[in-house]
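What follows is a short report on a single structure.
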Protein chains: 2
Amino acid sequence: MSKTLKHDLKADAILNTGMELMWSRGYNATSVNDIVKAAGIPKGSFYFYFDSKEDFALKAIDMYFENHFGPAMKVLNDENFSPKERLLNFYEFRANILREELHCKMGCMCCNLANEMAEHNEEIRKSVALKSSIVRGHILKVMIEAQENNEINKMVDAEHLTDFIEDVGKGAMITMKEMNSSQPIDNTITIIKTLLLR
Amino acid sequence: MSKTLKHDLKADAILNTGMELMWSRGYNATSVNDIVKAAGIPKGSFYFYFDSKEDFALKAIDMYFENHFGPAMKVLNDENFSPKERLLNFYEFRANILREELHCKMGCMCCNLANEMAEHNEEIRKSVALKSSIVRGHILKVMIEAQENNEINKMVDAEHLTDFIEDVGKGAMITMKEMNSSQPIDNTITIIKTLLLR
DNA sequence: TATAATTAGACGACTGGTCAACTATTAAAA
DNA sequence: TTTTAATAGTTGACCAGTCGTCTAATTATA
């Protein structure tokens, strides 16, 4: 095992632990002390693996994206289903994660950080915006297929419909936290099925 | 002028100034020092007018609601327009505030605080949830009227449609911050008109 | 022995909050 | 009308603790 690999493995371990904290508490409420304590490393080591707290956050965003987007992507691109079915499976898959894994508490880390930091930290804003645009691109492809198949509503063009549904999801996550309930997520899925993708 | 009135006037002045900070930066990134500096008062005075930083935030939420909900309410209940027109005017009114006054930066203070604090501060969560439910009630009344008038879509019941549209708005505010653009707001209004309230 | 990896502890700045001393205002008593 | 006592409002120094960051020293590897 090379040193750089070992280095990266340890950095990833710290990221994995600290990411959960920043996901739940946000950027400003998560201190470097919290992270090193949770990861069980001395404080000095943090700055051997990361340039700064901001650097940690940016790398946490990258890791979050890699860990969480991959599985959802598999659902979105599963050729066993029609484009419309893949879209519905994709939204259901993400809804279930919010409902079951996260107990209606934490929402999406990228959305949380964007909401808290976008106005004041351009690096974080750009990083999250890039991730969003990648997700958007993948959904859009399937959305266009579904429209061409005449499987879903054509009154609104695919780009606007894609953006719209992504926004509903983001908003439902805020309401979910606010109400401490999965009802907003359930409602979102229901209406997407009823009105948007019919 | 009674003492208590004078007291309340000064407390309101501090709130007005500090609220803007907390709106923009969030709870954890706004220090008591920031607030007293912006308000031009000594630090000691802060704790004469407020029990704690949390108490300040709760009172800021109340003031935000009073200052911002009233004008929107007038639009929603303007009897010169039909229920559907009132709904559209209402959503347009709020969209314009986001676009023009806030330069696509700050979003809604209640949503911001809910997203940042709901999981970790039950008082703030409950306060914001209460405000949301009041807004919801007013929109719902008009939404039901519009459905009874056959002015808008009846495929989804009024409650779910109301919640859904509120969530789109919340999500569009996150995307607005993320992209630093009013495009998500414009898109939201367009699709509400095209698909939901037709 | 030379180099790389790791770390303890300290840095100055800042956190939310307290407090005793202070002045301004008010109302009752003389 | 003046004096007095009580209260309301104001103040900055100060607390213990934490913040993000850095460096000098140590330990492990080659």
Side-chain angles (χ1 to χ4, degrees), chain A residues 1-61 113 116-117 120-124 127, chain B residues 1-61 113 116-117 120-124 127:
Chain A
M1 186 188 295
S2 82
K3 277 175 212 168
T4 43
L5 176 55
K6 191 176 156 194
H7 176 282
D8 288 353
L9 278 178
K10 183 149 185 188
D12 280 359
I14 301 170
L15 271 173
N16 256 315
T17 311
M19 187 183 71
E20 293 268 333
L21 293 181
M22 199 165 274
W23 187 355
S24 162
R25 304 179 192 174
Y27 185 88
N28 288 299
T30 306
S31 71
V32 174
N33 278 323
D34 293 335
I35 296 169
V36 298
K37 207 172 157 189
I41 58 163
K43 188 167 184 182
S45 298
F46 181 89
Y47 287 91
F48 178 71
Y49 291 101
F50 305 99
D51 295 338
S52 63
K53 185 180 167 181
E54 184 196 52
D55 179 51
F56 176 89
L58 291 168
K59 286 175 174 153
I61 290 170
L113 288 178
E116 180 184 4
M117 302 299 295
H120 307 283
N121 188 310
E122 185 65 4
E123 294 304 312
I124 290 178
S127 172
Chain B
M1 186 188 296
S2 82
K3 280 177 216 168
T4 43
L5 177 55
K6 193 177 158 194
H7 175 283
D8 288 353
L9 278 178
K10 182 148 186 188
D12 279 359
I14 302 170
L15 272 173
N16 255 315
T17 310
M19 186 183 71
E20 293 269 332
L21 293 181
M22 200 166 273
W23 186 355
S24 163
R25 304 180 192 173
Y27 185 88
N28 288 299
T30 305
S31 71
V32 175
N33 277 322
D34 293 336
I35 296 169
V36 299
K37 206 172 157 189
I41 58 164
K43 184 159 185 192
S45 297
F46 180 90
Y47 288 92
F48 179 71
Y49 290 99
F50 305 99
D51 295 340
S52 63
K53 185 180 167 182
E54 185 196 53
D55 179 51
F56 177 89
L58 291 168
K59 285 176 174 154
I61 291 170
L113 288 178
E116 180 183 3
M117 302 299 295
H120 307 282
N121 187 310
E122 185 65 3
E123 295 303 314
I124 290 179
S127 173

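Note that the structure is predicted; figures quoted are calculated from it, not measured. So that the names make sense, note that chain A is the first sequence line, chain B the second, and so on, each numbered from 1.
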Atom pair CD/OH of B:Glu116 and B:Tyr27 - distance to nearest 0.5 Å: 9.0 Å
Once you apply a heavy-atom cut-off of 4.0 Å, does B:Phe50 come out as touching a base, just sugar-phosphate, or nothing? nothing
Which residues within residues 51-59 of chain A lie with some heavy atom under 4.0 Å of an atom in DNA chain C? none
What nucleotide among D:dC19, D:dT11, D:dT10 has an atom nearest to a side-chain atom of B:Pro42? D:dT11
Quickly, which of A:His120, A:Met22, A:Met117 forms a side-chain contact (heavy atoms from CB on, under 4.5 Å) with A:Asn28? Name it, please. A:Met117
Quick one: pull up OH in A:Tyr47 and CG in A:Asp55 and give me the separation to the nearest 0.5 Å. 10.0 Å
May I ask you to verify if any side-chain N or O of B:Tyr47 is less than 4.0 angstrom from the OP1 or OP2 atom of C:dG17? yes
Indicate, with a heavy-atom threshold strictly under 4.0 Å, whether A:Ser31 touches base, sugar-phosphate, or nothing. sugar-phosphate
Whole Å only: how far is the CZ atom of A:Phe46 from the P atom of D:dT23? 17 Å
Distance (rounded to the nearest 0.5 Å) between B:Trp23 CH2 and B:Ile61 CD1: 13.0 Å
How long is the straight-line distance from CD1 of A:Ile14 back to OG of A:Ser45, given to the nearest 0.5 Å? 7.0 Å
Taking atom P of D:dT11 as reference, at what distance in whole Å does atom CD1 of B:Ile41 sit? 9 Å
Any chance you could measure A:Leu58, atom CG, to A:Asp51, atom CG, to the nearest 0.5 Å? 10.0 Å
Could you measure the distance from the OG1 atom of B:Thr30 to the CD1 atom of B:Ile35? Nearest 0.5 Å is fine. 6.5 Å
Give the nucleotide from the list D:dG9, D:dC19, C:dT7 with an atom nearest to the side chain of A:Lys10. C:dT7
Between C1' on C:dC14 and CD1 on B:Ile35, what's the gap in Å once rounded to a whole number? 15 Å
Taking only the side-chain nitrogens and oxygens of A:Asn33, find out if one of them lies under 4.0 Å from OP1 or OP2 of D:dC19. yes
Judged by modelled atom types alone, do B:Ser31 and B:Asp34 share a side-chain donor-acceptor pair under 3.5 Å? yes
Give a yes or no on whether the backbone of B:Leu9 and the side-chain of B:Asp12 come within a donor-acceptor separation of less than 3.5 Å. no
Ordered by number, residues from residues 12-22 of chain A within less than 4.0 Å of DNA chain C (heavy atoms) are none
Roughly, in whole Å, what's the span from OH in A:Tyr49 to C1' in D:dT21? 18 Å
Considering just the side-chain nitrogens and oxygens of B:Ser45, establish if one lies under 4.0 Å of OP1 or OP2 belonging to D:dT10. no
Please state whether the base of C:dG9 and the side chain of A:Lys43 form at least one donor-acceptor pair under 3.5 Å? no
